[in-house]
Amino acid sequence: LNARGEPAEESAAEDGKLPTPDSKKEEFRKYLEKSGVIDALTKVLVGLYEEPERPPNAVDYIKRYMGAPTGVDVEAMRTENEQLRKEREELRTTIEDLNSRLQEHAAAED
């Protein structure tokens with residue numbers, strides 16, 4: 001198995017040789033081909049080539065073609081996500097505490 005837990009391709013390491021940079025590149029190329037990355041990139045580049053007018057920002061064109069949002073601050077979203085996770089945990093703790101108090105109060109009245 002390789003580092004990703006997938007069946008490893010035959011490599012130079014199996015016959016006692018250390019993998020060469022060329023064999024690593026070839027293994028990576030095979031991975032990209034098997035996973036469909038090469039086909040997807042080829043399609044997007046052909047689409048860009050066939051555009052009647054070149055878009056002003058090729059990277060944004062590729063992102064849109066591949067379905068990624070543009071103009072999004074990913075780092076800000078990650079920070080906000082982490083803050084919201086912490087807030088959710090605090091609220092869960094508060095809810096548990098209040099439920100516990102409510103049960104104690106109900107038991108005291110009985």
Inset, instruction - Indicate the atoms forming the closest heavy-atom contact of N57 with V59, along with that distance. - result: OD1-N, 3.1 Å
Legend entry - N-O pairing of R92 and E89 below 4.0 Å: yes
Inset, instruction - Using a strict cut-off of less than 4.0 Å between a Lys/Arg side-chain nitrogen and an Asp/Glu carboxylate oxygen, indicate whether R101 and D97 qualify as a salt bridge. - result: yes
Inset, instruction - Determine, step by step, whether K63 and D60 satisfy the side-chain contact (heavy atoms from CB on, under 4.5 Å) criterion, reporting the C-alpha distance in whole Å, the side-chain angles of both residues, the deciding distance to 0.1 Å, and the verdict. - result: CA-CA 5 Å; K63 286 180 180 179; D60 282 346; 4.2 Å; yes
Legend entry - Distance in Å, E87 CD paired with T94 OG1, rounded so as to fall on 0.5 Å steps: 10.0 Å
Legend entry - Side-chain donor/acceptor of R29 to backbone N/O of K24, under 3.5 Å: no
Legend entry - From NZ (K43) to CE (M66), nearest 0.5 Å: 10.0 Å
Legend entry - Close side-chain approach of T42 and I38, heavy atoms under 4.5 Å: yes
Legend entry - Pairwise distance OH(Y65) to CG(L41) - rounded to 0.5 angstrom: 11.0 Å
Inset, instruction - Could you tell me whether K86 and E90 have a side-chain N and a carboxylate O separated by less than 4.0 Å? - result: no
Inset, instruction - State, to 0.1 Å, how close V44 and Y61 come at their nearest heavy-atom pair, and which atoms those are. - result: O-CE2, 4.0 Å
Legend entry - Exam field: side chain T79 to backbone E75, donor-acceptor pair closer than 3.5 Å: yes
Inset, instruction - To the nearest 0.5 angstrom, please state how far the CD atom of E33 sits from the CD atom of E26. - result: 8.5 Å
Inset, instruction - Considering non-hydrogen atoms only, spot the tightest contact between I62 and L45 and give its length. - result: CD1-CD2, 4.4 Å
Inset, instruction - Could you tell me whether E51 atom CD has more than 12 heavy atoms of other residues or ligands within 6.0 Å of it? - result: yes
Legend entry - Any side-chain heavy-atom pair of L48 and P55 under 4.5 Å: yes
Legend entry - same_hphob_cluster(F28, V37) at 4.5 Å side-chain heavy-atom cutoff: yes
